[in-house]
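I have placed the structure first, in the form of structure tokens, so that the comments after it can refer back to it.
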Amino acid sequence: MILQGVYHRTFDVEVYPLRLKLIDSRDESQSVIWLSRKASLSELFQRVCALRGIEQNKARIWDYFNKRKHTQLSASNRSLEESNLQMDQDILLEEVDGHHSSRFGLDSTGNELALVSMEPSRSSFTIAGGPTLSNGHSSGFKSNQYPGSSLSSGLKDTDDGFDAYNTVRKGEKRGLAGLQNLGNTCFMNSALQCLVHTPPLVEYFLKDYSDEINTENPLGMHGELALAFGELLRKLWSSGQTAIAPRVFKGKLARFAPQFSGYNQHDSQELLAFLLDGLHEDLNRVKEKPYIELKDADGRPDEVVAAESWKNHKARNDSVIVDVCQGQYKSTLVCPVCNKISITFDPFMYLSLPLPSTITRTMTVTVFYGDGSGLPMPYTVSVLKNGFCKDLLLALRTACCLKTDENLLLAEVYENKIYRYLEMPLEPLASIKDDEHIVAFRIQKKGMEKTKLVIFHRWQEK
């Protein structure tokens, strides 16, 4: 049993622990380590050192995701989940002596790793333009900017070891980067791609939004979700990137929404709803929400009541999510006793709409050769819901390439017996249920008038 979540803490059964692939740089050997994702980095160090026979003070372990050095792990009480270690990813073991000045600040190509700042750039950053930085590197995140919060915890390292604020070359297209699947996280990636390509949100998060982060909102996540999303958006809109692994964002998501932890498939709309709510609360410009008493319409014009309702809503909820994604709809109630009409305007962020009903249906029919010259073959055809048997026969005729001297005879099979023949061309298809087994016999036209005798094998009953 492991404890999941930050605010809504729940116990989960960890059926599949975290599986890490250890690569020993000394002999390039590989081994597998199983640990709970709630295990600490200190436990990981102990397990690795015991397995490979190396002293802990001489061991250096790297987050080696996608065969690239990302972060040097240190023996601490921080959990593997908080360190953004994923299922089946690589970790790298290196041995150094105590006096060795290691090159662990270098990536696999020997270049210095650029730290991506979690503080939004103070420069004027728009979609069309680039940041006004001289060397392409940003300053480190100020961990004391938000006292009492853990905004800087685990966010100083980058997902892919690149600078999100590289100078954009003139005429270069941005925003064309993809997101790698971390297991079955396509539900998350599809929702994220929708949000990071919403132009008002792109413009907002590429600019400086640090002053609007609400760390005191009890309904929010101390600004951590907004910072993680903003940083991911900046990486996706940086220049020259093809695919990004959203590991830091996935880690934050699992902390605040345990229902999305792990690497299984989840509902994309449910994630989108949580993400929009969380971003709104983290970026709510209202620090103290006032108490507002709602008033009845009392026959006032809809425009007046709607404006008043929206004003009251904005007095308690004011963020870029409200500006872009929220509206209000009119709700009318009529009392069946006194016929009093009550009109209210309620805010909404997403509406559930019914899928349009289709006018066609698919039917699978098994076609038999009447003379046994071929094997039975199932054919799936599309017909009108309000069609007739003649429409089904016409579709089957085309699907099975019926010859000119052949006809089809439809029948319904129930418990391996022919239950009835469908010989009436104008019999409606609505009389045939989806779970009924329909077969068709290819018979020569000259034999259609003959008496039909059905012979079948059956188990001898007692």
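Just so it is clear, the values below take in all heavy atoms, side chains as well, and ignore hydrogens, waters and symmetry mates.
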Exercise. Are Leu93 and Trp62 side-chain neighbours, meaning at least one heavy-atom pair lies under 4.5 Å?
Worked result: no
For atom OH of Tyr419, is the number of surrounding heavy atoms from other residues, nucleotides or ligands below 6.0 Å larger than 12?
no
### Task
Flag the pair Arg285 and Asp323 as a salt bridge only when some basic side-chain nitrogen lies within less than 4.0 angstrom of an acidic carboxylate oxygen.
yes
*Heavy-atom distance under 4.5 Å between the side chains of Val383 and Met363, does that happen here?*
yes
In terms of heavy-atom contacts, Ala315 and Pro290 come closest through O-CD, 3.4 Å
Do Arg442 and Ser373 get their side chains close enough for a donor-acceptor pair, meaning under 3.5 Å?
-> no
Note: Leu85 and Leu44 closest approach over all heavy atoms is CD1-CD2, 4.4 Å
_Is it the case that the side chain of Asn189 and the backbone of Ala191 share a donor-acceptor pair, with hydrogens and angles ignored and the cut-off at 3.5 Å?_
no
Salt bridge or not for Glu94 and Lys69, using N-O below 4.0 Å?
-> yes
Next on the checklist: Using a strict threshold of under 4.0 Å (side-chain N to carboxylate O), is an ion pair present between Asp24 and Arg52?
Outcome noted: yes
Point to revise | Arg174 (side chain) donor-acceptor with Trp237 (main chain) under 3.5 angstrom | key: yes
(Q) Side chains of Thr215 and His222: any donor to acceptor distance under 3.5 Å? (A) no
Of all heavy-atom pairs linking Asn214 and Asn284, the shortest is ND2-O, 3.1 Å
Review point. In this structure, are over 12 heavy atoms from other groups packed under 6.0 Å from Asp27 atom CG?
Key: yes
Run the salt bridge (charged side-chain N to carboxylate O under 4.0 Å, His left out) test on Lys207 and Glu203 for me, step by step, so that the C-alpha distance in whole Å, both residues' side-chain angles and the decisive distance to 0.1 Å come before the verdict.
CA-CA 6 Å; Lys207 291 181 180 178; Glu203 186 175 0; 3.4 Å; yes
In terms of heavy-atom contacts, Leu233 and Leu201 come closest through CD1-O, 4.2 Å
Worksheet entry | Student check: side-chain heavy atoms of Gln265 and Cys186 closer than 4.5 Å | yes
* Residues, nucleotides or ligands: over 12 heavy atoms within 6.0 Å of Lys385 NZ -> yes
TODO: Say whether Thr380 and Thr364, considering side chains only, have a donor N or O and an acceptor N or O under 3.5 Å apart.
DONE: yes
Distance col, row Gln259:CD vs Leu271:CG, nearest 0.5 angstrom, shows 9.0 Å
Output for pair (Ile23 CD1, Gln30 CD), nearest 0.5 Å, gives 4.5 Å
Tightest non-hydrogen contact, residues Ala399 and Val381, listed as CB-CG1, 3.9 Å
Any donor-acceptor pair under 3.5 Å from Arg361 side chain to Leu429 backbone:
yes
**Request:** Using a cut-off of 6.0 Å, state whether more than 12 heavy atoms not belonging to Leu3 lie near its atom CG.
**Result:** yes
>> Within the structure provided, determine whether Phe249 and Ile244 are in side-chain contact (heavy-atom separation under 4.5 Å).
In response: no
Leu396 vs Leu410 side-chain heavy atoms within contact, under 4.5 Å: yes
Between Lys252 and the options Glu224, Glu231, Glu82, the salt bridge (Lys or Arg N to Asp or Glu O under 4.0 Å) test singles out Glu224
- After noting the C-alpha distance and the side-chain angles of Leu351 and Phe348, does the key distance pass the side chain to side chain contact (heavy atoms under 4.5 Å, CB included) rule? CA-CA 7 Å; Leu351 295 175; Phe348 70 88; 3.7 Å; yes
| message | Do Gln328 and Trp310 pair up side chain to side chain, a donor and an acceptor below 3.5 Å, judged on atom types alone? | response | no
Looking at Lys58 and Glu95, is any side-chain nitrogen of the basic one under 4.0 Å from a carboxylate oxygen of the acidic one? no
CG of Leu92 to CG of Leu22, rounded to nearest 0.5 Å, is 8.0 Å
Can you tell if the side chain of Val248 reaches within under 4.5 Å of the side chain of Leu232, non-hydrogen atoms only? no
(Q) Using salt bridge (charged side-chain N to carboxylate O under 4.0 Å, His left out), reason through Asp88 and Arg19 one step at a time and then give a plain yes or no. (A) CA-CA 5 Å; Asp88 289 328; Arg19 183 174 61 240; 2.5 Å; yes
Open item on the list: If we count only N and O atoms by modelled type, under 3.5 Å, do the side chains of Ser36 and Glu14 hold a donor and an acceptor together?
Closed with: yes
Next item on the list: Kindly indicate whether the side chain of Leu51, heavy atoms from C-beta on, has any atom under 4.5 Å from the side chain of Ile33.
Entry: yes
*Would you check, one step at a time, whether the test side chain to side chain contact (heavy atoms under 4.5 Å, CB included) holds for Asn184 with His266?*
CA-CA 9 Å; Asn184 292 326; His266 296 279; over 6 Å; no
Output for pair (Asn84 CG, His70 NE2), nearest 0.5 Å, gives 11.0 Å
When you measure from the side chain of Trp34 to the backbone N and O of Leu20, does any donor-acceptor pair fall under 3.5 Å? no
When rounded to the nearest 0.5 Å, the distance separating CD of Gln72 from CD1 of Ile61 is 9.5 Å
Check the side chains of Tyr350 and Gln326 for a donor-acceptor pair under 3.5 angstrom, ignoring hydrogens and angles.
no
dist Cys49:SG -> Asn57:CG (nearest 0.5 Å) comes out at 8.5 Å
**Item:** Residues Asp435 and Lys433 bridged, charged N to O under 4.0 Å
**Value:** no
task: List the steps, then state whether side chain to side chain contact (heavy atoms under 4.5 Å, CB included) holds for Phe65 with Arg247.
output: CA-CA 10 Å; Phe65 185 78; Arg247 295 193 302 152; 3.6 Å; yes
I'd like to check Phe274 versus Phe260 (side-chain heavy atoms, cut-off strictly below 4.5 Å). Are they in contact?
yes
Inset, instruction - Please step through side chain to side chain contact (heavy atoms under 4.5 Å, CB included) for the pair His280 and Val322, ending with a clear verdict. - result: CA-CA 7 Å; His280 160 63; Val322 175; 3.4 Å; yes
| message | Quick test of your reading of the model: are Asp318 and Lys287 salt-bridged, counting only N-O distances below 4.0 Å? | response | no
Answer yes or no: is there a donor N or O on one side and an acceptor on the other, between the side chain of His197 and the main chain of Gly175, under 3.5 Å? yes
Item to complete: Establish, from distance only, whether the side-chain atoms of Gln89 and Asp63 form a donor-acceptor pair under 3.5 Å.
Response: yes
Does Ser40 offer a backbone N or O that forms a donor-acceptor pair with the side chain of Glu43 under 3.5 Å? yes
Checklist line | Asp346/Lys330 salt bridge by N-O under 4.0 Å criterion | finding: no
| said: Is the distance from the ring center of Phe229 to that of Phe205 below 6.0 Å? | reply: yes
In terms of heavy-atom contacts, Gln180 and Thr185 come closest through O-OG1, 4.2 Å
Please check if the side chain of Ser79 supplies one atom and the backbone of Lys38 the other of a donor-acceptor pair under 3.5 Å. no
